[in-house]
There are 2 protein chains.
Amino acid sequence: MELTARQKLILKAIVECYVETAEPVGSKTIAAMPGMDFSSATIRNEMAELTNLGLLEQPHTSAGRVPSPDGYRLYVDELMQQYRLSEDETHSLNEALDLKMKKVDRMLTDVGKLVSRMTDLPAYAVASRSRTVTVRRFELLMAETHCFILVVMLSTESVKNKLIKLPLELTEQDLKLLSAVLNASLTDLELTALTPELLAKVERSAGAAASLVPVVVDFVTAVLTEEQHSEVYLTGQTRLLGQPEYHDVAKAQQVLSTLDEDIISNLPAPTGDKPLQILVGPEEVAKELKDTSVVMTRFDIGDGMEGLIGVVGPTRMDYARVTARLSYFAESLGRMFGKGETLPVGPEPPRQLKPPSGETPHEDN
Amino acid sequence: MELTARQKLILKAIVECYVETAEPVGSKTIAAMPGMDFSSATIRNEMAELTNLGLLEQPHTSAGRVPSPDGYRLYVDELMQQYRLSEDETHSLNEALDLKMKKVDRMLTDVGKLVSRMTDLPAYAVASRSRTVTVRRFELLMAETHCFILVVMLSTESVKNKLIKLPLELTEQDLKLLSAVLNASLTDLELTALTPELLAKVERSAGAAASLVPVVVDFVTAVLTEEQHSEVYLTGQTRLLGQPEYHDVAKAQQVLSTLDEDIISNLPAPTGDKPLQILVGPEEVAKELKDTSVVMTRFDIGDGMEGLIGVVGPTRMDYARVTARLSYFAESLGRMFGKGETLPVGPEPPRQLKPPSGETPHEDN
DNA sequence: CTTAGCACTCAGAGATAACGAGTGCTAAGA
DNA sequence: TCTTAGCACTCGTTATCTCTGAGTGCTAAG
């Protein structure tokens, strides 16, 4: 069944009011809001109805109403208006984005910190490969005596190397042969394709350098695993303490101690078509995390990788604003790193309850 | 002036009792402890005296006493008995230490996490070079057309590389020349020795590849800087919430928000002879951090690097136990990474108040 | 020098009362 | 039929007060 326009309006007002104050909102408060042309009694009746529908909750009999997870869900899916970043905001975001981008992992921690700071909530960043990684080319380089450097060029344009001590006397010729064999047999293969049979074959062709094959393969395996593997960078956990719902230390501690990298890496990633995803409440995030929601978005890092940045916060968070900032971030990062194909950003345009006016939907406080 | 033996005994008892309970301790509590053969009145007198000396503090008139920072200082310097790790503890420490050690930075975060978990307090880890890093050798490696790989072997045994696109047509001969020039002029030099004059000279000798010199130098500078630079890995901040002194969220938040990598990196490192250092209270740590102390210890990572692991906690922390665990850690890590030269560990043997007996000084709770 | 005794202090725990925000329901009005 | 003013009722919050007891400093006797 569908809500009436008035019920939607009231639900929206309640969510936004609660987001701001973190306190149960009463019928009078809503009635007093501009644009509300009904009496508090009418609103009370509607609120009772919304409560029956499971969209609102009542902490106790004589308190105001609080949105339920379902209520939030409806809000973010249908009612939320897109928050427009102000000049100031885009400016400071741009400024912050001007980080010296080094390696991907460093970049990710920086991005995580940044997002956390901008939203004043814990944030995380992950990079994951959208394509599999393979070795594109091997090079063996004599270093000092008894040493050579194994250089491995990957399909991701990155180059890895290792200094290997020779267990036995080998000539430059032997290394040349090994190099040729490796390049002939082990390039452009996924990790799973490195079967024992294949390796045995390679070893047989490697002549005097056969004993080096396992060493090389170990390194390759390690590198490919490492490259494939994605680590979660979680920062700013303590910002949760600023939120009123965590003013009880016991609660805060409980949440903070469960909120670790493991939890994060088990969150469902946004599916294909929509880069932005909002997980509302314990059912969608993790049941240990009461009153906690997650907003995340995908972005393009280039080189066959995609990044994921997310923000963790109380279910009562300003989804509109967080979403806007996150999307802007993702878009900018995509532009900086990606191959130009910018991802679509922002939540889908909300169905407007009133004809869109020129003013910014939200006040900044 | 020197304290009497009885005063020391009482101070020690007070500190240890307070460490355990986190509540001001009264004269009766002390009098009731085994080994205390004086009445509570006597102890009251002594406590008054210790208060005069600034070693104890009284939260309010009718409360028990709490050690002052000076009191702690005296305790850790003179009174603290070495905590002996139990079988169980060494066992689980050893188990935890069996981490797959990869790169130094990964290792450090792991160590930080581990220490944090073992002490149930925030912990940090830093690596810093005790020797300066230099480039030991350059290699230039033709990759695909218009591309070559710059390989740089460092004095730390690690090897860095970069894929460089050629801005112009160059023959393998040109690269050979460049390589020779680089190896002749730019090896074994500290970062500061890379003067503009030197670089100009190199450029002149580089023939056709002159335009590549700046690219190479940029990379070298970046690598050396990166290698020299030491990052602080701070983890487990939220464990502070478990401590009773931070049961007030406002306080916790204040501490947690000041406790960042900057603060940590400004802490004084342990000086030459003693690897372990204890910083007590705000004066010694940071004035923003009320009631906070730091215990840190140095360890050897090998390859001319040394590590620093530290624990941040309330001034009322179990120094004996934290110290013991940290030292054990440092020792084990030193053994795993270091060149065999184990650092001396543990606080210097305390002057015993009573002849040392066979039993474990502390009870484990 | 030690210790028993005593009067005094003061934070914290409960108990009680007053407050007020918010509700549901009813009945009158549009 | 929908809206709204009015009202009794609920119940968490806050303030005030008292009471309790741990702990102190001081004094005087052992």
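Hydrogens, waters and symmetry mates are skipped; everything else that's a heavy atom, side chains included, is used. The chains referred to below are lettered A, B, ... by the order of the sequence lines, with proteins before strands, and numbering in each begins at 1.
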Show me the protein contacts with nucleotides 26-28 of chain C, counting only N or O atoms at under 3.5 Å.
none

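Look at OH on A/Tyr18: it is 16 Å from C1' on C/dA21, rounded to the nearest Å. When the C1' atom of D/dT4 is taken as reference, atom CZ of A/Phe38 falls 13 Å away, rounded to whole Å. The interatomic distance linking A/Lys28 (NZ) with D/dT4 (C1') rounds to 14 Å, in whole Å.
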Test side chain to side chain contact (heavy atoms under 4.5 Å, CB included) on B/Thr297 and B/Ile309 and set out the steps.
CA-CA 6 Å; B/Thr297 186; B/Ile309 47 180; 3.7 Å; yes

Any chance you could lay out the side-chain hydrogen bond (donor to acceptor under 3.5 Å, both in side chains) test for B/Thr292 and B/Tyr246, step after step, and finish with the verdict?
CA-CA 11 Å; B/Thr292 303; B/Tyr246 302 108; 3.2 Å; yes

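The side chain of B/Arg44 lies closest to D/dT24 when the candidates are D/dA5, D/dC11, D/dT24. Checked against C/dG24, C/dC10, D/dT24, the side chain of B/Ser62 finds its nearest nucleotide in C/dC10. Of the listed nucleotides (D/dG25, D/dG12, C/dT23), C/dT23 has the atom at the smallest distance from the side chain of A/Arg65. Of the candidate nucleotides C/dA11, C/dG22, C/dT3, C/dT3 has the atom lying nearest to any side-chain atom of B/Ala41.
Looking at DNA chain D, the stems built from 3 or more consecutive Watson-Crick or G-U wobble pairs, each pair with its key distances under 3.5 Å, are C:1-30 with D:1-30.
Looking at B/Leu121, B/Ile264, B/Val295 one by one, the single match for side chain to side chain contact (heavy atoms under 4.5 Å, CB included) with B/Val312 turns out to be B/Ile264.
If you check the side chains of A/Glu16 and A/Tyr75, you find a donor sitting under 3.5 Å from an acceptor.
A salt bridge does not link B/Glu245 to B/Lys251: none of the charged nitrogens lies less than 4.0 Å from a carboxylate oxygen.
Across all strands shown, B/Ser27 has heavy atoms under 4.0 Å from sugar-phosphate atoms exclusively, and none from any base.
Here A/Arg73 pairs with A/Asp77, A/Glu284 under the salt bridge (charged side-chain N to carboxylate O under 4.0 Å, His left out) rule; sequence neighbours left out.
The phosphate of C/dT3 has OP1 or OP2 within less than 4.0 Å of a side-chain N or O from B/Ser39.
Under 3.5 Å, the side chain of B/Thr61 and the base of C/dT9 form no donor-acceptor pair of N or O atoms.
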